[in-house]
There are 2 protein chains.
Amino acid sequence: MDTKTTCLGVLALGEASGYEIRKAFEEGPFSHFADGGFGSIYPALNKLTDEGLVTCTAHYQEKRPSKKVYRLTEGGWDRLEQEMRARIPGEDKYRSDLLFILFFADWQDPAWIARVIDTRIDFYREKLEAMKDCSTLDGLMVGQRLVHGFGCAVYQAALDYLVEHRDAFVAAAGNCHDCRQTAAE
Amino acid sequence: MDTKTTCLGVLALGEASGYEIRKAFEEGPFSHFADGGFGSIYPALNKLTDEGLVTCTAHYQEKRPSKKVYRLTEGGWDRLEQEMRARIPGEDKYRSDLLFILFFADWQDPAWIARVIDTRIDFYREKLEAMKDCSTLDGLMVGQRLVHGFGCAVYQAALDYLVEHRDAFVAAAGNCHDCRQTAAE
DNA sequence: TTCGAATATATCGGTCCGATATATTTTGAC
DNA sequence: GTCAAAATATATCGGACCGATATATTCGAA
């Protein structure tokens with residue numbers, strides 16, 4: 001889904017400003033399967049306004065930049081529904097710099113490998129704790145709760161794998177002292 | 001990692017053409033944590049050649065476009081090592097159109113929800129089978145095998161969750177006949 | 001009191017990606 | 001045996017996307 005469509009999705013939960021949409025992508029309920037920075041969100045919101053899919057109301061605030069609150073129009077609802085039924089969704093995209101580094105673990109310093117894995121283990125533990133004690137789950141739609149559960153399940157599997165194989169990764173590191181020659185076959 | 005760096009990574013396993021690099025991203029050992037289409041790979045390869053990080057040798061073939069084979073230089077090896085140790089790797093990116101659709105399951109047609117989930121379950125089953133019987137695992141470095149295992153573990157967790165909650169998703173669908181009003185609070 | 005984080009919008013340059021163009025060989029189905 | 005489809009192989013273009021940056025104020029913590 002492009003940024004325009006994911007913005008429509010956030011706005012389907014209630015009116016929001018560009019800033020609030022970004023929070024939904026970064027920390028909110030959309031954070032584990034969608035994203036978008038300001039450089040994508042603001043242009044997308046302008047295009048959506050031009051196409052009549054959202055309305056924009058400026059809420060003037062005395063001491064801050066005036067907040068522009070966006071809201072779906074009937075056309076916006078139609079477009080969102082249409083996008084969600086348009087095609088069987090394509091394969092998920094999963095990109096990981098950590099896995100790229102770990103792939104070449106054999107050629108690297110054991111201490112460095114240990115450090116990147118331990119950092120990630122800590123990160124996953126915190127993330128999962130925050131997701132689980134998430135009391136804001138009440139009142140959500142069933143789909144939202146299930147998708148949240150999907151996120152937890154996948155993070156948990158990643159964490160478990162890292163914990164279980166941490167030592168094997170570290171042991172692999174530093175065993176190949178001549179990688180450039182080895183790779184040259 | 002940008003496309004230039006991931007290309008260096010593929011070339012670290014042996015010389016390759018642009019076409020072969022793409023296969024490594026699409027089906028090969030890099031497929032579950034990196035990617036890049038021709039539109040990214042060819043320009044990246046040109047830049048790497050300009051910077052002296054790879055060399056390009058044209059292998060003329062009689063009846064096909066001549067194959068340009070790229071190979072890492074010493075500078076290329078240095079750059080790759082440097083990139084992998086430059087910083088603690090950032091959070092993985094996970095993007096999913098399926099989860100976006102499922103998030104709004106309550107508002108959608110049960111048959112459609114069943115179809116998208118069943119399609120994905122089939123996809124994961126095939127993918128996992130292909131990954132597990134992967135006899136090409138012999139002779140790989142330890143890091144490569146472990147990263148492969150990580151991919152299997154995460155795909156398995158995703159598959160298990162979908163199988164277990166498929167009926168709950170379908171049951172959620174179609175229960176909300178008035179989503180636009182409901183969303184308006 | 002000062003420094004960083006949060007609130008809030010916006011742009012710009014560079015990168016990335018899907019679609020498309022081109023051309024031949026191999027594979028497989030009927 | 002023939003024909004279509006898939007694989008081999010490189011390349012570009014326009015539009016979308018993203019990180020960095022600019023601007024300005026308030027709030028809380030050290």
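Residue numbers begin at 1 in each chain, while the letters A, B, ... track the order of the sequences.
The listed nucleotides are dT7(C), dT12(D), dT9(C); the one nearest the side chain of Lys23(A) is dT7(C). Listed nucleotides: dG19(D), dC16(C), dT11(C). Nearest to the side chain of Lys93(B): dG19(D). For Asp2(A), the listed nucleotide lying nearest its side chain is dC17(D); candidates were dC17(D), dT9(C), dT8(D). The Lys47(B) side chain lies nearest to dT15(C) when the options are dT12(D), dT15(C), dT9(C).
With sequence neighbours excluded, the residues satisfying side chain to side chain contact (heavy atoms under 4.5 Å, CB included) with Ala153(B) are Tyr161(A). Residues passing the side-chain hydrogen bond (donor to acceptor under 3.5 Å, both in side chains) test with Tyr155(A): none are found, sequence neighbours excluded. With sequence neighbours excluded, the residues that form a side-chain hydrogen bond (donor to acceptor under 3.5 Å, both in side chains) with Asp160(B) are Gln156(B). Not counting sequence neighbours, Phe169(A) has no partner by the ring-ring contact (aromatic ring centres under 6.0 Å, His included) test. In terms of the side-chain hydrogen bond (donor to acceptor under 3.5 Å, both in side chains) criterion, Asp109(A) has no residue partners (sequence neighbours excluded). In this view, Val142(B) and Asp106(A), Ala172(A), Arg145(B), Leu146(B) satisfy the side chain to side chain contact (heavy atoms under 4.5 Å, CB included) rule, not counting sequence neighbours.
Asp35(B) comes within 4.0 angstrom of the backbone, heavy atoms only, and of no base. Residue contacts for Lys4(B): at a heavy-atom cut-off of 4.0 Å it reaches no nucleic acid atom on any strand shown.
In this model, the phosphate group of dT10(D) is approached by a side-chain N or O of Ser17(B) to a distance below 4.0 Å at OP1 or OP2. One finds a side-chain N or O of Lys68(B) lying less than 4.0 angstrom from the OP1 or OP2 phosphate oxygen of dA11(D). Within the 4.0 Å cut-off from OP1 or OP2 of dT10(D), not a single side-chain nitrogen or oxygen of Tyr19(B) is found. Contact between the side-chain N/O atoms of Tyr42(B) and the OP1/OP2 oxygens of dT10(D) is found at a separation under 4.0 Å.
For the pair Ile41(B) CD1 and dG18(C) C1', the interatomic distance rounds to 13 Å; values are reported in whole Å. The interatomic distance linking Lys67(A) (NZ) with dT26(D) (P) rounds to 16 Å, in whole Å. For the pair Arg22(A) CZ and dT7(C) C1', the interatomic distance rounds to 12 Å; values are reported in whole Å. We find that CZ of Arg95(B) is positioned 12 Å from C1' of dC17(D), with the value rounded to whole Å. Taking atom CG of residue Leu48(A) and atom P of nucleotide dA16(D), one finds them 12 Å apart after rounding to whole Å. The separation between Met1(B) atom CE and dC16(C) atom P is 13 Å, rounded to whole Å. Atom-to-atom, CG of Leu45(A) to P of dC18(D) comes out at 15 Å; the value is rounded to the nearest Å. The CD-C1' distance, from Glu15(A) to dA8(C), rounds to 16 Å in whole Å.
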N/O contacts under 3.5 Å, protein versus nucleotides 19-21 of chain C?
none

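Using a 30° and 60° split on the angle between ring planes, Phe25(B) and Phe30(B) fall in the perpendicular class, above 60°.
Comparing the helix axis at one end of the helix from dT1(C)-dA30(D) to dC30(C)-dG1(D) with that at the other, each defined from 5 consecutive pairs, gives an inter-axis angle of 60° (nearest 10°).
Salt-bridge check for Arg120(B) with Asp92(A): passed, with a basic side-chain N closer than 4.0 Å to an acidic carboxylate O.
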**Request:** Kindly determine whether Phe33(B) and Phe150(B) satisfy ring-ring contact (aromatic ring centres under 6.0 Å, His included), including the steps that lead there.
**Result:** CA-CA 10 Å; Phe33(B) 61 90; Phe150(B) 186 101; 9.4 Å; no
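Applying the salt bridge (Lys or Arg N to Asp or Glu O under 4.0 Å) test to every pair with at least one member in residues 34-57 of chain B, sequence neighbours left out, gives these pairs: Arg95(A)-Asp35(B), Lys4(B)-Glu51(B), Glu51(B)-Arg79(B).
Between Gly36(B) and Tyr70(A), it is Tyr70(A) whose nearest contact on DNA chain C lies nearer the 5' terminus.
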